[in-house]
2 protein chains.
Amino acid sequence: MALLSKSCVYGIRAAILMAIKGNEEFISIKDIAKDLNLSAHFLTKILQQLTQEGLLLSHRGPKGGVKFSREPKLIKLIEIVAAIDGLELFEECALGLHGCGTATPCPLHEKWSEHKLVLRRLFETESLEKLADNVQEAGLRLRTLSQLDILEFNKNKRL
Amino acid sequence: MALLSKSCVYGIRAAILMAIKGNEEFISIKDIAKDLNLSAHFLTKILQQLTQEGLLLSHRGPKGGVKFSREPKLIKLIEIVAAIDGLELFEECALGLHGCGTATPCPLHEKWSEHKLVLRRLFETESLEKLADNVQEAGLRLRTLSQLDILEFNKNKRL
DNA sequence: AGTATTAAAGACTCTTTTATCCTAAATTAA
DNA sequence: TTAATTTAGGATAAAAGAGTCTTTAATACT
Ligand code: SF4
Ligand code: SF4
């Protein structure tokens with residue numbers, strides 16, 4: 001199990017890429033998909049969710065694409081996670097018990113609920129812009145790697 | 001996305017139940033499944049993984065069942081997670097990038113790798129016995145709830 | 001020896017996630 | 001107005017996860 005679904009990871013990567021490109025004009029999803037080495041159709045579906053949540057604005061036709069509805073600086077990672085995976089991760093019990101109540105807490109309750117909060121803060125704190133800066137500084141590596149890429153990487157041990 | 005797969009959660013619940021029952025004799029999987037309100041066949045599959053990892057001993061035939069290969073006191077939660085879900089959660093990047101290297105870290109690297117460690121320590125620290133005690137003190141609630149149970153719960157708002 | 005009990009193993013089904021493909025609707029530009 | 005471009009949306013397919021069912025093998029008890 002990964003922490004986030006693949007869709008969510010792709011969504012985050014796309015958002016970081018968009019933040020890097022700035023938010024001046026609409027960016028075509030096809031271009032983003034090409035940069036990330038993803039299927040454009042698939043990415044379209046994912047970004048649709050962000051559009052429906054009001055995080056992105058979209059525009060059809062030539063010169064169309066998507067852009068953030070507000071400054072990337074103000075958009076936190078958790079907003080993207082919430083739109084795609086939901087907030088379950090930060091709100092549910094690690095043991096998956098329903099009918100939670102602090103009156104009769106299940107095992108792990110204390111430690112996990114404390115931890116959930118820390119995790120949540122992490123995603124609430126990180127803004128897209130900060131991540132974008134970080135990517136640029138360190139040398140971008142957002143691209144989904146194909147099998148060939150991985151072979152290449154293993155040969156070169158740097159990418 | 002949940003933190004742990006359902007199989008893993010079931011495995012942990014079963015293990016806690018077993019720890020509560022003590023480790024004197026083999027416990028029948030059918031009985032555990034009944035207590036947890038799970039399919040016995042399904043639980044068998046899950047516990048098989050723990051047996052194959054050497055965490056449990058199994059024995060067929062009448063009076064057969066499973067028991068821990070060592071004291072529940074010594075068994076940490078992470079061992080069960082490792083056997084069922086693997087350690088990916090504690091070892092992989094939150095953004096799912098391959099070819100990780102601290103030389104050219106991807107965004108989130110610092111925060112997430114720090115956090116991964118905390119999460120790992122949490123699972124490394126909690127022993128089955130401690131959880132079992134906790135369950136008993138607070139009033140056991142390991143049972144998987146059926147839809148009927150949930151209705152019932154919502155009526156009573158306590159379980 | 002024979003029967004009942006129990007885990008192991010594998011075939012199979014159902015659901016969810018991931019991914020692809022095709023068509024429709026909106027929009028721009030010529 | 002026509003053609004090209006681009007997101008939206010639905011149908012479908014493939015893969016993984018969750019769960020069921022049947023058969024087999026081991027074991028204990030009579
Ligand atoms: S008691 Fe705590 S850990 Fe258990 S379900 Fe409730 S919040 Fe989650
Ligand atoms: S750079 Fe850090 S976060 Fe990125 S893949 Fe490597 S370990 Fe994971």
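Proteins get letters first, then strands, A, B, ... in listed order; numbering begins at 1 in each. When reading the values below, keep in mind they use all heavy atoms of this one structure, side chains included, and skip hydrogens, waters and symmetry mates.
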J.: Within the structure shown, what part of the strands sits under 4.0 Å from B/Lys30 by heavy-atom distance: base, sugar-phosphate, or nothing?
T.: sugar-phosphate

J.: I want to check a possible cation-pi pair here: B/Lys67 against B/Phe26, using under 6.0 Å from ring centre and within 45° of the ring axis as the test.
T.: yes

J.: In whole Å, I'd like the distance from the CD atom of A/Gln49 to the P atom of D/dT7.
T.: 16 Å

J.: Look at B/Ser39 and D/dT20 and indicate whether a side-chain polar atom (N or O) is within less than 4.0 Å of OP1 or OP2.
T.: yes

J.: Is any side-chain N or O of B/Lys6 closer than 4.0 Å to OP1 or OP2 of D/dG19?
T.: yes

J.: Any side-chain N or O of B/Ser7 below 4.0 angstrom from OP1/OP2 of D/dA18?
T.: yes

J.: Let me know the distance between CG of B/Leu43 and C1' of D/dC21, rounded to the nearest Å.
T.: 16 Å

J.: Quick check on C/dA7: is either OP1 or OP2 less than 4.0 Å from any side-chain nitrogen or oxygen of B/His41?
T.: no

J.: Mind calculating the distance between CD1 (A/Ile29) and C1' (C/dT27) to the nearest angstrom?
T.: 15 Å

J.: As a test of reading the structure: which of C/dA26, C/dT18, D/dG9 is closest to the side chain of A/Gln48, going by heavy atoms?
T.: D/dG9

J.: Starting from P on D/dT5, measure out to CG on A/Asp31 and report it in whole angstrom.
T.: 12 Å

J.: Tell me which of B/Val66 and A/Asp85 sits closer to the 5' end of DNA chain C, going by the nucleotide each one is nearest to.
T.: B/Val66

J.: So does B/Leu57 get a backbone contact from the side chain of B/Thr51, meaning a donor-acceptor N/O pair under 3.5 Å?
T.: no

J.: Is A/Arg13 reaching over with its side chain to a backbone N or O of A/Leu36, donor-acceptor style, under 3.5 angstrom?
T.: no

J.: Do the side-chain N or O atoms of A/Thr51 get closer than 4.0 angstrom to the phosphate oxygens (OP1, OP2) of D/dT7?
T.: no

J.: Output the rounded distance in Å from CG (A/Leu47) to P (D/dT7).
T.: 9 Å

J.: Provide, to the nearest angstrom, the distance between the CG atom belonging to A/Leu56 and the P atom belonging to D/dT7.
T.: 11 Å

J.: So what does B/Gln52 touch, heavy atoms closer than 4.0 Å: a base, only the sugar-phosphate, or nothing?
T.: sugar-phosphate

J.: Between C/dT18 and A/Tyr10, is there an OP1 or OP2 to side-chain N/O distance shorter than 4.0 Å?
T.: no

J.: If you find the nucleotide of DNA chain D closest to A/Lys45 and the one closest to A/Gly61, which residue's nucleotide is nearer the 5' end?
T.: A/Gly61

J.: Any ion pair linking A/Arg120 and A/Glu91 (charged N to carboxylate O, less than 4.0 Å)?
T.: yes

J.: In whole Å, what is the span from the CZ atom of A/Arg13 to the P atom of C/dT18?
T.: 13 Å

J.: Among B/Leu47, B/Leu38, B/Ile84, whose side chain to side chain contact (heavy atoms under 4.5 Å, CB included) with B/Tyr10 holds?
T.: B/Leu38

J.: Please state whether the phosphate of C/dA7, meaning OP1 or OP2, lies under 4.0 angstrom from any side-chain nitrogen or oxygen of B/Thr44.
T.: no

J.: Over how many whole Å does the gap from B/Phe42 atom CZ to C/dT15 atom C1' extend?
T.: 12 Å

J.: When you measure from the side-chain N and O atoms of A/Ser28 to the phosphate of D/dT5, is any distance below 4.0 Å, counting only OP1 and OP2?
T.: no

J.: So, B/Lys21 and B/Asp35, do they make that salt bridge, N to O below 4.0 Å?
T.: yes

